[in-house]
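Notes follow once the structure below has been shown.
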Amino acid sequence: MARRPSVYGLMAEFDDPTALVAATHRAHAEGYRHMDAYSPFPIEELHEALGSPPSRLPLIVLLGGLFGCIGGYLLQYWVSVIAYPVNVGGKPFHSWPAFIPVTFECTILAAALSAVLGMLALNGLPMPYHPVFNVQRFALASRNRFFLVIEATDAKFELDETRRFLKALNPREVTIVTD
């Protein structure tokens, strides 16, 4: 007995970024909230058009940098004052000016690592499978086409009505995306 694929959503294909942004604005204005847009290059207006909340990545990078700064400084303090106190040339054990270069480098390292790992986590990467990969024309998303997907989980989604709405946006094609 073959399993019938369920509908993930509807995908509209556009030729240029201006049409995609305009379509996304209209879809958001119509009340669609569970949607995503795909393009071969970043489009700043899409973030606002999709109604996405501000990114939490700057906060993650700040916290990573602070942890790196504090961790680097405390590591040097522990080594120089507590674990291995060696008096070199009569200098104090807690010589904070000597700690600055390593503390700075630990700050940069931790901020950079938290930026990369935070970006991967917030974007849900790596993603070896996504239902949009089932649409054959979606391969053009990395070349020269722009796609808007309205997901079936949206409260306003109704297959025929949503299809009519997307066709009214003058896309090149509207396709059903299956799981």
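One is the number of the first residue; the rest follow in order along the sequence.
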- Item | Y84, OH: over 12 other non-hydrogen atoms inside 6.0 angstrom | no

- Shared hydrophobic cluster for Y32 and V174 (ILVMFWY, side-chain gaps under 4.5 Å): yes

- Item | Enclosure of E158 CD (heavy-atom neighbours >12, cutoff 6.0 Å) | yes

- Item | Test side-chain contact (heavy atoms from CB on, under 4.5 Å) applied to N134 and I176, T178, V177, the passing residue | T178

- Are side-chain heavy atoms of V132 and D36 found at a separation under 4.5 Å? no

- Message: Once salt bridge (Lys or Arg N to Asp or Glu O under 4.0 Å) is applied, do any residues pair with E44, and if so which ones, sequence neighbours excluded?
- Response: none

- Would you please classify the geometry between the F133 ring and the F138 ring as parallel, tilted or perpendicular, with 30° and 60° separating the classes? tilted

- Task: Report yes if the side chains of M35 and D154 come closer than 4.5 Å at any heavy-atom pair, otherwise no.
- Result: no

- Task: Could you tell me whether R137 atom CZ has more than 12 heavy atoms of other residues or ligands within 6.0 Å of it?
- Result: yes

- Query: Would W96 end up clustered with W78 when hydrophobic side chains under 4.5 Å apart are linked, directly or stepwise?
  - Reply: yes

- Message: I'd like to know whether the aromatic ring centres of Y38 and F14 sit less than 6.0 Å apart in this structure.
- Response: no

- Message: What verdict does the side chain to side chain contact (heavy atoms under 4.5 Å, CB included) test give for E48 and H25, after you've listed the backbone C-alpha separation in whole Å, the side-chain angles of each residue and the deciding distance to 0.1 Å?
- Response: CA-CA 9 Å; E48 176 191 321; H25 273 296; 4.0 Å; yes

- Message: Would you say that R164 contacts E161 through its side chain, given a criterion of any heavy-atom pair below 4.5 Å between the two side chains?
- Response: yes

- Query: Does CZ belonging to F93 count more than 12 external heavy atoms closer than 6.0 Å?
  - Reply: yes

- Under 4.5 Å between any side-chain heavy atoms of F146 and V21, yes or no? no

- Going from CG on L62 to CZ on F67, what distance comes out if it is rounded to the nearest 0.5 angstrom? 9.5 Å

- Message: Can you tell me how the ring of F99 sits relative to the ring of H94, calling it parallel under 30°, perpendicular over 60° and tilted otherwise?
- Response: tilted

- Verdict with reasoning, Q76 to T103, per side-chain hydrogen bond (donor to acceptor under 3.5 Å, both in side chains): CA-CA 8 Å; Q76 292 177 92; T103 301; 3.2 Å; yes

